[in-house]
Amino acid sequence: MAGTAADVTRVLKGEVGYQEGRSGGHWNNKQKYSPAVPGLEWSDYQAWCCTFTCWAFQQAGMPKGSYPVTASCVLAVAWWKKAGRWSEFPAIGAAVFFGPGGGSHTGIVIGYDADTITTIEGNTNVNGSAEGDGVYQRTRQRRDTYVYGYGYPAYPGGIKSANPNWINPPEEDPMAGITKQDIYDAVWKTDKVPAPKTSTTLATNPTWQAVSVLSDIADNVRAVKAAQAGQTAAITALAKLVGSGVDTDTVVAAVEAAIKDAVIKVDVDINQGA
């Protein structure tokens, strides 16, 4: 299932250690994330912490419209609040915002405990600066006044939150709206396989749906049962000759021959080409 918090965490961890470009002996905010996010190409050489979170959500397969696409932390905070997915509690895969009004810096939470949050952030450094040089994993105090709040993406299956009152919305039923007829058609009428070359209807029915395969198997089973019934009758009749003056060796040989012929192989090769 694409677009989960685990997918986001995997993407983020793969970026730890990445650093922006340098020019004139200084870090210059030139990075690979802005050009890769449609609509944010202009933000290259700009502060890129928020762009980095957009890129991570995109790379993890989050559907469009499930997270804000903006290079501005302030606009991102406003988006999460308007969407009704804002919280003061950390959650795995949540966007975390720092500074007054959440406008100074952002990252994504990959873990938390009673006292700290573990994040991966772009455009920071070993000191946790809001204007850094690369992607770093950070551990910050949950109750630090620098932590403003969290935006919760609508992950499939919900989100693991520290908020004891958070209730994930019910998952969408993948079978909703599907009728019994839909299931029947999908199973029996959708997929086709080449008919066996031995099929008696090969000319008029060169490809088989599941119902055709089962019909052929049923015909073969009926033929086997009919043959076995005839052989059983023959064996029974031969057995009755024992002690009636007929040579015993002759009867035994006839019975063994009948039993040998009773072994019938049914081989329906649905992979043969027409």
Side-chain angles (χ1 to χ4, degrees), residues 4-20 26-27 29 31 33 40 43 46-57 59-60 62 66-155 158-168:
T4 65
D7 292 322
V8 172
T9 298
R10 172 182 52 77
V11 169
L12 291 169
K13 288 184 175 180
E15 297 304 303
V16 173
Y18 174 84
Q19 290 187 301
E20 64 186 44
H26 302 283
W27 300 107
N29 283 328
Q31 31 69 37
Y33 306 110
L40 295 185
S43 66
Q46 309 296 318
W48 51 277
C49 59
C50 199
T51 299
F52 174 67
T53 64
C54 297
W55 178 88
F57 289 136
Q59 289 299 110
M62 294 288 290
S66 64
Y67 58 92
V69 178
T70 176
S72 166
C73 292
V74 172
L75 293 180
V77 168
W79 189 97
W80 290 114
K81 288 183 176 181
K82 184 177 180 180
R85 304 195 64 84
W86 183 258
S87 177
E88 296 179 355
F89 293 84
I92 305 298
V96 56
F97 294 86
F98 304 98
S104 299
H105 184 55
T106 186
I108 297 177
V109 178
I110 63 168
Y112 64 83
D113 58 26
D115 301 309
T116 65
I117 55 173
T118 301
T119 63
I120 293 180
E121 305 164 18
N123 197 30
T124 188
N125 57 24
V126 293
N127 297 318
S129 169
E131 184 57 48
D133 55 64
V135 179
Y136 292 81
Q137 180 171 314
R138 303 284 306 153
T139 297
R140 298 177 181 270
Q141 295 299 309
R142 274 180 56 173
R143 294 166 183 81
D144 191 321
T145 55
Y146 186 53
V147 179
Y148 179 68
Y150 306 85
Y152 284 13
Y155 290 117
I159 193 168
K160 180 183 177 183
S161 171
N163 184 352
N165 298 317
W166 175 262
I167 299 176
N168 286 306

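Being a predicted model, the structure only gives us computed values, none of them experimental. Along the sequence shown, residues are numbered consecutively beginning with 1.
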- Message: Which residue is it: Trp166, Tyr67, Trp86? I am looking for the one with a ring pair (Phe, Tyr, Trp, His ring centres under 6.0 Å) to Tyr152.
- Response: Trp166

- Task: Taking the side chain as every heavy atom from C-beta outward, state whether Ser87 and Trp80 have any atom pair closer than 4.5 Å.
- Result: no

- Query: Roughly how far, to the nearest 0.5 Å, is OH of Tyr148 from SG of Cys73?
  - Reply: 12.0 Å

- Task: Would you give the length of the straight line joining atom CZ of Arg138 to atom OG1 of Thr118, rounded to the nearest 0.5 angstrom?
- Result: 10.5 Å

- Message: What's the separation between atom OG1 in Thr116 and atom CZ in Arg142, rounded to the nearest 0.5 Å?
- Response: 8.5 Å

- Query: So, does Ser161 use its side chain to make a donor-acceptor pair with the main chain of Asn163 at under 3.5 Å?
  - Reply: yes

- Task: Determine, step by step, whether Trp79 and Arg85 satisfy the side-chain contact (heavy atoms from CB on, under 4.5 Å) criterion, reporting the C-alpha distance in whole Å, the side-chain angles of both residues, the deciding distance to 0.1 Å, and the verdict.
- Result: CA-CA 9 Å; Trp79 189 97; Arg85 304 195 64 84; 5.8 Å; no

- Message: What verdict does the side-chain contact (heavy atoms from CB on, under 4.5 Å) test give for Thr4 and Asp7, after you've listed the backbone C-alpha separation in whole Å, the side-chain angles of each residue and the deciding distance to 0.1 Å?
- Response: CA-CA 5 Å; Thr4 65; Asp7 292 322; 3.0 Å; yes

- Criterion side-chain contact (heavy atoms from CB on, under 4.5 Å) against Ile108, the qualifying member of Val96, Ile120, Leu12, Val11: Leu12

- Correct closest heavy-atom pair for Ala5 and Tyr155 would be N-CD2, 3.4 Å

- What are the two closest heavy atoms between Pro164 and Phe89, and how far apart are they? CD-CE2, 4.1 Å

- Query: To the nearest 0.5 Å, how far apart are OH in Tyr146 and OG in Ser104?
  - Reply: 5.0 Å

- Heavy-atom pair of closest approach, residues Val135 and Glu15: CB-O, 3.3 Å

- Straight-line distance of Gln46 CD to Gln31 CD, nearest 0.5 Å: 9.5 Å

- Note on the structure: Closest non-hydrogen contact found for Ser43 with Thr51 is OG-OG1, 3.5 Å

- Please check if atom NZ in Lys81 has more than 12 non-hydrogen atoms from other residues, nucleotides or ligands closer than 6.0 Å. yes

- Message: How close do Phe98 and Gly107 get, counting heavy atoms only, and between which atoms?
- Response: CE1-N, 4.3 Å

- Message: Take a 6.0 Å sphere around CD of Gln19 and say whether it holds more than 12 heavy atoms from other residues, nucleotides or ligands.
- Response: yes

- Checking side-chain contact (heavy atoms from CB on, under 4.5 Å) for the pair Thr70/Cys50: CA distance, chi angles, key distance, verdict? CA-CA 7 Å; Thr70 176; Cys50 199; 4.2 Å; yes

- Note on the structure: Between Gly101 and Val77, the two heavy atoms sitting closest are O-CG2, 3.8 Å

- Query: Should the pair Trp48 and Tyr33 be assigned to parallel (<30°), tilted (30 to 60°) or perpendicular (>60°) ring geometry?
  - Reply: parallel

- Before giving the answer on side-chain contact (heavy atoms from CB on, under 4.5 Å), spell out for Trp27 and Asn125 the whole-Å C-alpha distance, their side-chain angles and the decisive distance to 0.1 Å. CA-CA 11 Å; Trp27 300 107; Asn125 57 24; over 6 Å; no

- Task: State the OH-CG distance between Tyr136 and Asn123, to the nearest 0.5 angstrom.
- Result: 10.5 Å

